[in-house]
Amino acid sequence: MSTFTANLIFSVLFLVFGAALGLLGNGDKFRRKVSVELNPGLTHPWVLPPGVNLVHVQGLGLNDTLHFLLCNHGAPALLMVHTNSTQSSVQVDWPSFIKSSSPRSLKVEPQSSVLYSSALVFTRVWEYDDVNNTADPQQTAESSFYPPYELQNFIWSDLNKTGDQSNHTLQLCGGENTESFVNGSLCLQFSAFESVGRDQPWPSLHHNANSSQLHVWLKGVTPRGNHSRFALEFQSVGDSGFEGRVDVYSSIDDEYTPSIFKVSQWVSSPVNSTGVWGYNQWKPVAYRKADPVFEDATPCKHSQLVSMTHIPQSRLVQAYFTNDTQTYGLNISFGIEKDPAFYSDTKYISWTVLVGLGDPPADSFSTLIIIIITVGLGTPLVIIIVGGVFVWLRKKRSQSSGYEPIN
Ligand SMILES: *[C@@H]1O[C@H](CO)[C@@H](O)[C@H](O)[C@H]1NC(C)=O
Ligand SMILES: *[C@@H]1O[C@H](CO)[C@@H](O)[C@H](O)[C@H]1NC(C)=O
Ligand SMILES: *[C@@H]1O[C@H](CO)[C@@H](O)[C@H](O)[C@H]1NC(C)=O
Ligand SMILES: *[C@@H]1O[C@H](CO)[C@@H](O)[C@H](O)[C@H]1NC(C)=O
Ligand SMILES: *[C@@H]1O[C@H](CO)[C@@H](O)[C@H](O)[C@H]1NC(C)=O
Ligand SMILES: *[C@@H]1O[C@H](CO)[C@@H](O)[C@H](O)[C@H]1NC(C)=O
Ligand SMILES: *[C@@H]1O[C@H](CO)[C@@H](O)[C@H](O)[C@H]1NC(C)=O
Ligand SMILES: *[C@@H]1O[C@H](CO)[C@@H](O)[C@H](O)[C@H]1NC(C)=O
Ligand SMILES: *[C@@H]1O[C@H](CO)[C@@H](O)[C@H](O)[C@H]1NC(C)=O
Ligand SMILES: *[C@@H]1O[C@H](CO)[C@@H](O)[C@H](O)[C@H]1NC(C)=O
Ligand SMILES: *[C@@H]1O[C@H](CO)[C@@H](O)[C@H](O)[C@H]1NC(C)=O
């Protein structure tokens, strides 16, 4: 009997801890070898306009390569190209790229190895005077909008100077020659990753070797209205034959992004297919300070996806894609209805998006949560089973010894 009981308890413990370890062991071992290259193949006498650069970040897998290209000629853009070869390379026809960005002046060779391409372009910053405090551009009268800041006209800092190559992190800041931007700038920080992990600063998105991250912030800009709020417009360009949609999921990941229980995913699938080939993933939260505390978090909202008729004014995108493309646009607006804090309070807003290949990373429970669940579920189970066995044993014993009269 006691061996039976012990066996039972062991099996239950094994099941519970096994499940917990299964959740833990979900950690992905997939790695890429990441390298960063500036202006690939650019030689004398060709020169890019001042401050303009093309950065190539290559993530080498065992039998594939994930290329990221970042360029600030025109609207800042991030191009992602996945190939099924470890020998694929970026070829730029520099005279043509510099002069006119004719289609195909930037290629990934051999072209037969290219499996998937997609680009994300930051096109505009919208500002509106939110007199009704709705924090909703769609409910705001058109007359409350100021002329948008067209990012294709911005003057950008040199990508080369701000790059942190050891970390696969690059930074880019830009602005325009107006009073609003005297002390202000719009900045982008790009990061590529060799393996799974999370950045320390909130929202601590869960990345892997198939993703890259863009952290965007608008700092020190003088607002044009007394109740100014901002929205960021971005567009995604891909091969025709793919279509986009935005899904919003619940997230359990309170530990890494406090108080945010949702995750938004703009995914790209082949027409008439549910398979996801590429994604932009974000949490609907923005932060009002560079080193935020809990109170500096503010929700953000995305608009409907709109199909655009033209590809955006980005030299990189115009040079890579032919006219056989599909472009969608979307706005992310910062703030929530009745929010007493407007942009002018901190003159800072930041937002983070993950750009990657294949299925977006899913939230997983942290070790701490798994231990809590294991103890929480395991203990009562063990008590129930041990209790059950004892009752059964007593019954068995009382049956074998016949009736025991109750006094
Ligand atoms: C790529 O490598 C993985 C693991 O090394 C293997 O499972 C897969 O079949 C390979 N794919 C191709 C197309 O060779
Ligand atoms: C790579 O992909 C192309 C196009 O899909 C295909 O023709 C080629 O056979 C693939 N090569 C390998 C090594 O899988
Ligand atoms: C404020 O709300 C009123 C009523 O909903 C609406 O008529 C008006 O256009 C709004 N004003 C702005 C600037 O959006
Ligand atoms: C970029 O920076 C590196 C190191 O700081 C330097 O060696 C290189 O010449 C720079 N390239 C350009 C185009 O400025
Ligand atoms: C890596 O990048 C982060 C910003 O994401 C920066 O804070 C950190 O100092 C960098 N680490 C190294 C070793 O350069
Ligand atoms: C920009 O900053 C300087 C120095 O801090 C300040 O004197 C000036 O008023 C600021 N300009 C604007 C438009 O905020
Ligand atoms: C990354 O992409 C490669 C190639 O498509 C795939 O084999 C691997 O499983 C992916 N890893 C993750 C974490 O998505
Ligand atoms: C902003 O407020 C100031 C005083 O509070 C007022 O003089 C000014 O006209 C307002 N500006 C706008 C654009 O509403
Ligand atoms: C997608 O499905 C629709 C209707 O089911 C069909 O008319 C269309 O041709 C399909 N498109 C592709 C690219 O398969
Ligand atoms: C692309 O451009 C070429 C020549 O400019 C034209 O022949 C072709 O029809 C265009 N394709 C699409 C899908 O617009
Ligand atoms: C973004 O919002 C502005 C202002 O409401 C609107 O004019 C523009 O069309 C929107 N862009 C997209 C891609 O929805």
Side-chain angles (χ1 to χ4, degrees), residues 22-34 57-68 80-88 108 112-118 125 127 146 149 155 168 173 175-187 191-199 205-213 218-226 228 230 238-245 263 265 267-281 290 307 324-326 342-349 354-364:
L23 280 170
L24 264 179
N26 237 350
D28 189 328
K29 303 278 182 298
F30 186 77
R31 292 188 75 88
R32 287 186 187 277
K33 195 167 168 286
V34 177
V57 178
Q58 174 174 282
L60 205 58
L62 286 177
N63 50 17
D64 71 338
T65 309
L66 190 54
H67 298 274
F68 286 107
M80 176 175 80
V81 181
H82 185 221
T83 71
N84 62 1
S85 157
T86 52
Q87 305 293 320
S88 58
V108 172
S112 63
S113 71
V114 174
L115 301 175
Y116 179 71
S117 320
S118 154
V125 171
E127 180 181 358
Y146 298 97
Y149 294 114
I155 300 145
H168 317 311
C173 289
E176 55 171 38
N177 281 326
T178 56
E179 208 181 310
S180 292
F181 273 87
V182 168
N183 295 327
S185 53
L186 175 82
C187 296
S191 310
F193 309 107
E194 297 194 330
S195 59
V196 289
R198 287 176 193 273
D199 261 11
L205 298 177
H206 187 195
H207 60 243
N208 63 34
N210 290 343
S211 56
S212 65
Q213 181 175 279
L218 190 66
K219 188 177 93 179
V221 176
T222 308
R224 290 173 283 186
N226 284 344
S228 271
F230 287 88
D239 294 320
S240 63
F242 285 86
E243 55 190 2
R245 62 168 198 277
V263 59
Q265 289 170 188
V267 296
S268 169
S269 305
V271 175
N272 290 353
S273 157
T274 51
V276 170
W277 287 49
Y279 62 86
N280 306 311
Q281 184 192 56
S307 188
D324 196 19
T325 55
Q326 173 73 62
F342 293 94
Y343 177 79
S344 55
D345 282 28
T346 56
K347 291 202 176 166
Y348 187 96
I349 196 91
L354 221 57
V355 179
L357 175 78
D359 283 313
D363 274 344
S364 54

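Note that these values count all heavy atoms, side chains included, but never hydrogens, waters or copies made by symmetry. Since we're looking at a predicted model, the values are computed, not measured. Start at 1 and go down the list; that is how both ligands and their atoms are numbered.
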- prompt: Which protein non-hydrogen atom lies closest to atom 11 (N) of ligand 9, naming both residue and atom, and how far is it?
  reply: Asn272 ND2, 2.9 Å
- prompt: What's the shortest distance from atom 13 (C) of ligand 9 to any protein heavy atom, and which residue and atom give it?
  reply: Val271 CG1, 4.0 Å
query: Hey, which atoms in ligand 6 end up nearer than 4.0 Å to a heavy atom of Asn183?
result: 1 (C), 2 (O), 3 (C), 8 (C), 10 (C), 11 (N), 12 (C), 14 (O)
message: Suppose I only count heavy atoms of His82 and a 4.0 Å limit; which atoms of ligand 7 are within that range?
response: 5 (O)
message: Once you restrict to heavy atoms under 4.0 Å, what part of Asp359 touches ligand 7? Side chain, backbone, both or neither.
response: neither
- prompt: Is it the side chain, the backbone, both or neither of Arg31 that has a heavy atom closer than 4.0 Å to ligand 7?
  reply: neither
query: Protein heavy atom under 4.0 angstrom of atom 7 (O) of ligand 6, is there one?
result: no
query: Under 4.0 angstrom from atom 4 (C) of ligand 6, is there any protein heavy atom?
result: no
Less than 4.5 Å apart, side chain to side chain, heavy atoms only: is that true for [X] and [Y]?
{"X": "Tyr149", "Y": "Ser180", "value": "yes"}
{"X": "Val34", "Y": "Val57", "value": "yes"}
{"X": "Ser117", "Y": "Asp239", "value": "yes"}

- request: Say whether Arg32 and ligand 7 are in contact under the criterion: heavy-atom distance to a ligand atom below 4.0 Å.
  value: yes
query: Nearest non-hydrogen atom to atom 14 (O) of ligand 7 belongs to which of Leu66, Asn210, Leu62, Asn63?
result: Asn210
query: So, the side chain of Thr346 versus the backbone of Tyr348: is there a donor-acceptor pair under 3.5 Å, distance only?
result: yes
Trace of the side chain to side chain contact (heavy atoms under 4.5 Å, CB included) decision for Asn177 with Ile155: CA-CA 8 Å; Asn177 281 326; Ile155 300 145; 3.7 Å; yes
- line: Residues Thr65 and His82: closest non-hydrogen pair is O-CD2, 3.4 Å
query: Which is it for His67 and Gln58 under the side chain to side chain contact (heavy atoms under 4.5 Å, CB included) test, yes or no, and what are the steps along the way?
result: CA-CA 5 Å; His67 298 274; Gln58 174 174 282; 3.5 Å; yes
